[in-house]
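Only heavy atoms go into these numbers, but all of them, side chains included; no hydrogens, no water, no symmetry mates.
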Amino acid sequence: MLITVSRQFGAGASLVSRQVASVLGWSVVDNEFVDEIARKAGLPVEQVAGREERVPSFVERLKRALVAAPGVPLIPAAPTERLDEGDLVKATEAVVAEISQAGKVVLVGRAAVALLGEQQAIHVRLTASKAFRTRVVMERLSLDEKSALKLLNETDAQRERYHRDYYKRDWNDPLNYHMVLNTEVLGFDGATEVIVSRARTLGW
């Protein structure tokens, strides 16, 4: 029993995922997961995540965690100073696989839909207009419109490239998902209700 959430940047995936997990009594795994690695290694979260204007991607955060805490056994055979994105993708896949085994998890991003497509899951895609998402990013990160739009475009392009390069998938293809929800139209609460309703219909 899993719910994967793919999302355009600024579509509210973190909020919706937390709400879904709360209603179902499940766990949610988002970027905070890497912060937990830092905590377990006894490192300040800031040392892992950094203090940047833009939100670091999962791969960036994972790399920082591994460099800062080489004793964390995610890629035991690879020296952290020589890690490239391919190594980090493998580490991400291992972590996603481990998390998925427990079940009752809402898993945000990480190309989980590509990795777990054959498992019993609901694969969700959250989307909204660029104007709406830009406003969300401006408010969430206290950015001006130009900076927010630039960050939004760069982040979406990176996610699209990640799926294409490593999984030969079109990140934007709606056929890759069980449901595609427009959070601008439904609202964050409305999107939550649709996902929860489907999970309950399946007896979850």
Undergrad: Identify the heavy atoms of L181 and A191 that sit nearest to each other, and give their distance.
TA: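 L181 and A191 have their closest heavy atoms at CD1-O, 3.8 Å.
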Undergrad: Determine whether L2 and Q120 make a side-chain contact, defined as any pair of heavy atoms from C-beta on separated by less than 4.5 Å.
TA: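 They are not in side-chain contact.
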Undergrad: Taking all heavy atoms of A128 and all of N182, pick out the closest pair and write down the distance.
TA: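 What the structure gives for the nearest pair is CA-OD1, 3.7 Å.
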Undergrad: If the test is side-chain hydrogen bond (donor to acceptor under 3.5 Å, both in side chains), which one of R7, K130, R133 qualifies with D156?
TA: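 That would be R133.
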Undergrad: Could you go step by step and tell me if V29 and V106 meet the side-chain contact (heavy atoms from CB on, under 4.5 Å) rule?
TA: CA-CA 6 Å; V29 176; V106 181; over 6 Å; no
Undergrad: Can V185 be reached from V16 by stepping across I, L, V, M, F, W or Y side chains whose heavy atoms are under 4.5 Å apart?
TA: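 Shared cluster, no.
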Undergrad: State the CG-CD distance between D189 and E193, to the nearest 0.5 angstrom.
TA: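 Output value for this atom pair is 6.5 Å.
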Undergrad: Provide the closest heavy-atom pair for T183 versus A11 in the form atom of the first, atom of the second, distance.
TA: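 Minimum heavy-atom contact is OG1-O, 2.9 Å.
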Undergrad: Cation over ring, R161 on W171, under 6.0 Å and within 45°?
TA: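 Not flagged: R161 not positioned over aromatic ring of W171.
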Undergrad: What's the separation between atom CG in L107 and atom OG in S27, rounded to the nearest 0.5 Å?
TA: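 If we round to the nearest 0.5 Å, L107:CG and S27:OG are 11.0 Å apart.
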Undergrad: State whether the side chain of N176 and the backbone N or O of D170 hold a donor-acceptor pair below 3.5 Å, judged by distance alone.
TA: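 Yes, N176 side chain to D170 backbone: donor-acceptor pair under 3.5 Å.
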Undergrad: Would you check if the side chain of Q8 reaches a backbone N or O of L126 as a donor-acceptor pair within less than 3.5 Å?
TA: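 A pair under 3.5 Å: no.
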Undergrad: A side-chain contact here means heavy atoms from C-beta on lying under 4.5 Å apart; do L202 and R198 qualify?
TA: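 Result yes, sub-4.5 Å side-chain heavy-atom pair found.
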Undergrad: Shortest non-hydrogen contact from L24 to A199?
TA: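 Heavy atoms of L24 and A199 come nearest at CD1-CB, 4.0 Å.
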Undergrad: Carefully, step by step, assess H163 and D173 under the rule side-chain contact (heavy atoms from CB on, under 4.5 Å).
TA: CA-CA 11 Å; H163 280 249; D173 187 348; over 6 Å; no
Undergrad: Whether the side chain of T192 engages the backbone of V20 through a donor-acceptor N/O pair (distance < 3.5 Å, no angle test) should be reported.
TA: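 Side chain of T192 to backbone of V20: no pair is present.
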Undergrad: Working note: T127 + V180, criterion side-chain contact (heavy atoms from CB on, under 4.5 Å); need CA distance, chi angles, decisive distance, verdict.
TA: CA-CA 7 Å; T127 186; V180 178; 4.0 Å; yes
Undergrad: Side-chain contact, heavy-atom cut-off 4.5 Å: I3 with W26?
TA: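 A side-chain contact under 4.5 Å exists here.
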Undergrad: Do R164 and R169 come within less than 4.5 Å of each other through their side chains, counting heavy atoms only?
TA: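 R164 vs R169: side chains apart.
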Undergrad: With side-chain contact (heavy atoms from CB on, under 4.5 Å) as the criterion, how do R125 and M179 come out once you've worked through the C-alpha distance, each side chain's angles and the decisive distance to 0.1 Å?
TA: CA-CA 6 Å; R125 163 89 161 176; M179 58 177 71; over 6 Å; no
Undergrad: So, T155 side chain and L151 main chain: donor-acceptor pair closer than 3.5 Å or not?
TA: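 A pair under 3.5 Å: yes.
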Undergrad: What is the distance from atom CZ of R159 to atom CG of N172, rounded to the nearest 0.5 Å?
TA: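 Reported value, rounded in 0.5 Å steps: 11.5 Å.
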Undergrad: Taking a hydrophobic cluster as the set of Ile, Leu, Val, Met, Phe, Trp and Tyr residues connected by side-chain heavy atoms closer than 4.5 Å, whether directly or through intermediates, do F132 and M138 fall within one such cluster?
TA: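 Cluster IDs for F132 and M138 differ.
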Undergrad: Please tell me if the side chains of T4 and V124 come closer than 4.5 Å, counting only heavy atoms from C-beta onward.
TA: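 Not touching, per the 4.5 Å side-chain cut-off.
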Undergrad: Give the minimum heavy-atom separation between V137 and A148, together with the two atoms involved.
TA: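 Nearest heavy atoms, V137 then A148: CG1-CB, 3.8 Å.
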Undergrad: For the pair E184 (side chain) and S129 (backbone), establish whether a donor and an acceptor sit closer than 3.5 Å, ignoring hydrogens and angles.
TA: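 Yes, because the side chain of E184 sits within donor-acceptor range (under 3.5 Å) of the backbone of S129.
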Undergrad: Below 30° counts as parallel, above 60° as perpendicular, anything between as tilted: where do the rings of H123 and H178 land?
TA: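 It falls in the parallel class, under 30°.
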Undergrad: Would the distance check show the side chain of S147 and the main-chain N or O of L143 forming a donor-acceptor pair, the cut-off being under 3.5 Å?
TA: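 The answer is no, because no donor-acceptor pair under 3.5 Å joins these two groups.
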Undergrad: Salt-bridged, E139 to R135, with N to O below 4.0 Å?
TA: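 Looking at R135 together with E139, the answer is no, because their closest N to O distance does not fall below 4.0 Å.
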Undergrad: Taking the side chain as every heavy atom from C-beta outward, state whether F9 and E154 have any atom pair closer than 4.5 Å.
TA: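 A side-chain contact under 4.5 Å is absent here.
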